[in-house]
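Here the structure comes first, spelled out in structure tokens, and everything after it is commentary.
What you are looking at is a predicted structure, and each value in this text was computed from that prediction instead of being measured.
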Amino acid sequence: MSAKTNVSFRTVWGVCMALAYTGIACVVLFTPLLLRYNGANDPQLPDENATLRIIFGIVFLVYGLMRGYSAWMKFKTNDR
């Protein structure tokens with residue numbers, strides 16, 4: 001009836017890390033959580049790290065997508 005698929009720990013770990021990196025990228029890009037670190041935490045101050053946040057967010061997003069694709073391809077080749 002159902003075929004039993006043997007999934008390795010490496011595949012599960014790869015998928016979890018891909019989701020983690022993609023989540024970190026979304027947090028860095030779209031939330032004010034990592035917007036600025038200043039003593040007063042004054043929202044009126046300009047975001048002096050905007051360029052750095054965008055660069056790191058894109059790097060994390062691309063790496064997370066690459067890692068997810070790699071884990072998916074390893075899962076598909078082990079499935080056969």
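- Between Ser70 and Met66 the shortest side-chain heavy-atom distance does not fall below 4.5 Å.
- Gly64 and Ala18 get closest at one heavy-atom pair: O-CB, 3.5 Å.
- Linking Ile, Leu, Val, Met, Phe, Trp and Tyr residues whenever their side-chain heavy atoms come within less than 4.5 Å leaves Ile24 and Leu29 in two separate clusters.
- Grouping the Ile, Leu, Val, Met, Phe, Trp and Tyr side chains by contacts below 4.5 angstrom, directly or via other members, places Phe75 with Val12.
- Linking Ile, Leu, Val, Met, Phe, Trp and Tyr residues whenever their side-chain heavy atoms come within less than 4.5 Å places Val28 and Met17 in a single cluster.
- No single ILVMFWY cluster, assembled from side-chain heavy atoms under 4.5 Å apart, contains both Tyr69 and Leu19.
- Sorted pairs that involve residues 13-28 and meet side chain to side chain donor-acceptor pair (under 3.5 Å), not counting sequence neighbours, are lacking altogether.
- A pairwise comparison of heavy atoms in Gly14 and Arg67 identifies O-CG, 4.0 Å as the closest pair.
- Residues Gly57 and Ala25 come closest through the heavy atom pair O-CB, 3.4 Å.
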